[in-house]
Number of protein chains: 2
Amino acid sequence: MAWDTEGTKRRIREAAVSEFARFGPDGTTIERIAGAAGVNKERVYNYFGGKRSLFSTVLRDELAKVARAVPVESFATEDVGDYAGRVYDYHRERPELTRLLRWEGLAFDGEVPDEELPRRYYGYKSAAMSDGQEHGAVTRSIDADHLTFLVLSLAGWWSAVPQVARMLAGPPTEQEHARRRAAVVEAARRLARSP
Amino acid sequence: MAWDTEGTKRRIREAAVSEFARFGPDGTTIERIAGAAGVNKERVYNYFGGKRSLFSTVLRDELAKVARAVPVESFATEDVGDYAGRVYDYHRERPELTRLLRWEGLAFDGEVPDEELPRRYYGYKSAAMSDGQEHGAVTRSIDADHLTFLVLSLAGWWSAVPQVARMLAGPPTEQEHARRRAAVVEAARRLARSP
DNA sequence: CTCGTTTCCAACGTTTGCGTTGGAAAGAGG
DNA sequence: CCTCTTTCCAACGCAAACGTTGGAAACGAG
């Protein structure tokens with residue numbers, strides 16, 4: 001069999017996403033990642049230089065993915081509620097990114113390296129919101145950056161404190177998820193409503 | 001010096017809150033808790049029966065604290081925006097509870113024991129929201145339980161993903177915190193606004 | 001086919017944290 | 001005092017994860 005360096009790296013990354021998302025930086029072991037990827041752990045150190053570095057790498061990858069999966073141009077033409085609903089869906093279908101983000105927020109806050117790329121992604125969202133304000137489609141009573149963040153919070157908090165969600169709204173059956181999603185959409189519209 | 005069993009337990013609990021909130025269940029060691037409390041780690045095992053059990057205990061304690069610190073009777077008479085602002089303040093001044101909740105959400109979801117007490121606390125909030133709806137002070141377009149949760153999300157997401165907040169809205173100076181708080185208050189009012 | 005390079009892994013030493021144990025020191029009751 | 005109970009801790013064995021190393025196996029250029 002021929003060498004498959006890229007394939008090996010990719011398998012390590014995939015395993016790392018899954019493990020880190022599930023167990024967090026501290027709960028994850030390099031050994032288990034290597035095992036899941038079907039390689040020796042030395043490969044992980046050699047390719048990615050340790051746990052912390054690997055974590056950053058996969059988080060960056062996932063951020064790029066979500067930027068492609070839930071794009072937005074301008075809230076002058078796109079509905080904020082729809083957008084919030086799509087974000088909710090993404091969190092539900094692909095919990096990895098949001099979990100990684102929250103692990104990072106808890107474990108690594110204040111020492112997050114290389115914020116340039118993510119900052120650009122969020123800048124786009126914020127600009128889309130500004131655009132909506134300038135065209136009168138979105139309220140000006142909340143600054144665009146804050147409003148963007150708050151819309152994301154409506155979609156994200158559910159997975160951040162699932163125990164609380166469960167105690168307040170009941171177990172997340174398929175039907176309950178639909179209700180939650182509808183609430184998020186409606187709430188985002190109410191938040192951004194123009195006059 | 002006389003025995004001070006209660007004092008010892010209390011010091012362990014206090015140290016545990018601080019350590020768990022900062023480092024999470026996996027990042028925290030019983031040894032460090034014991035060290036910070038000035039006792040031997042055997043005391044921790046003897047009094048609290050292990051790491052997981054201690055975590056639950058201190059989380060329960062903190063939940064009881066917040067229920068007393070940010071009370072609410074009915075949103076028929078109290079303003080939802082003010083309430084959201086106070087929750088934001090609490091998260092800012094006492095980050096322990098919200099961090100513990102989020103660690104639990106990430107590390108222990110699905111295996112949270114003894115939900116009865118917390119469920120009651122959240123039931124009160126939800127009832128206060130229902131009351132607001134019945135008196136026409138709060139919109140009926142979102143169910144009370146979901147609306148309650150969404151208001152909490154506005155106040156909570158900031159600390160859940162501080163990196164994201166920073167990238168969108170800038171570093172959390174005193175002034176920026178004031179802006180964020182104002183945005184939360186305004187957003188909660190828009191969410192709940194009646195007609 | 002041969003030699004140098006790259007990819008890979010089994011095995012190792014070290015550290016760290018868990019949870020336990022055996023027994024010392026402090027108090028309480030007679 | 002003496003004895004019995006409770007609180008406390010130093011020290012231990014065990015297990016797991018870290019990060020490294022020495023060398024084998026696969027490739028490819030000449």
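All of these numbers come straight from a predicted model, not from anything done at the bench. Chain A is the first sequence line, chain B the second, and so forth, proteins listed ahead of strands; every chain is numbered from 1.
Between the side chains of Ser159(A) and Arg92(A), no donor N or O sits under 3.5 Å from an acceptor N or O. Judged by distance alone, the side chains of Arg180(A) and His146(B) never bring a donor and an acceptor atom under 3.5 Å apart. In this model, no donor atom of one side chain and acceptor atom of the other lie less than 3.5 Å apart for Glu19(A) and Thr28(A).
Remark: C1' of dC18(D) and CG of Asn46(A) are 16 Å apart, rounded to the nearest angstrom. Following rounding to the nearest Å, Asn40(A) (CG) and dT20(D) (C1') show an atom-to-atom distance of 11 Å. dA11(C) atom P lies 13 Å from atom CD of Glu31(A), rounded to whole Å. Straight-line distance from the CZ atom of Arg11(A) to the P atom of dT7(C): 15 Å, rounded to whole Å. In this structure, CZ of Arg52(B) is placed 17 Å from C1' of dG19(C), rounded to the nearest angstrom. Atom C1' of nucleotide dC12(C) and atom CD of Glu42(A) are separated by 14 Å, given to the nearest angstrom. A straight line from NZ of Lys41(B) to P of dA11(D) spans 13 Å, rounded to a whole angstrom. Rounded to whole angstrom, the span from the CZ atom of Arg43(B) across to the P atom of dT6(D) amounts to 12 Å.
The residues Glu62(A) and Lys65(A) are annotated as salt-bridged, a charged nitrogen and a carboxylate oxygen being separated by less than 4.0 angstrom. For Arg10(B) and Glu14(B), the salt-bridge test passes: some basic side-chain N is under 4.0 Å from an acidic carboxylate O.
The shortest distance between the side-chain N/O atoms of Lys51(A) and the OP1/OP2 oxygens of dC18(D) is below 4.0 Å. Here Tyr47(B) reaches the OP1 or OP2 of dC8(D): one of its side-chain N or O atoms lies under 4.0 Å away. Proximity of Thr8(B) to the phosphate of dC8(D): a side-chain N or O atom is located under 4.0 Å from OP1 or OP2.
Near DNA chain C, defined here as any heavy-atom distance below 4.0 Å, the residues from residues 18-30 of chain B are Thr28(B), Thr29(B), Ile30(B), listed numerically.
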Listing, residues 124-137 of chain A side-chain donor-acceptor contacts under 3.5 Å, not counting sequence neighbours, or none:
residue   : atom : partner   : partner atom : Å
Lys125(A) : NZ   : Val70(A)  : O            : 3.2
Asp131(A) : OD2  : Ser74(A)  : OG           : 2.5
Gln133(A) : NE2  : Thr139(A) : O            : 2.9
Gln133(A) : NE2  : Ile142(A) : O            : 2.8
His135(A) : ND1  : Asp131(A) : O            : 3.0

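Side-chain N or O atoms of Gln163(B) include one that pairs as donor or acceptor with a backbone N or O of Leu101(A) at under 3.5 Å.
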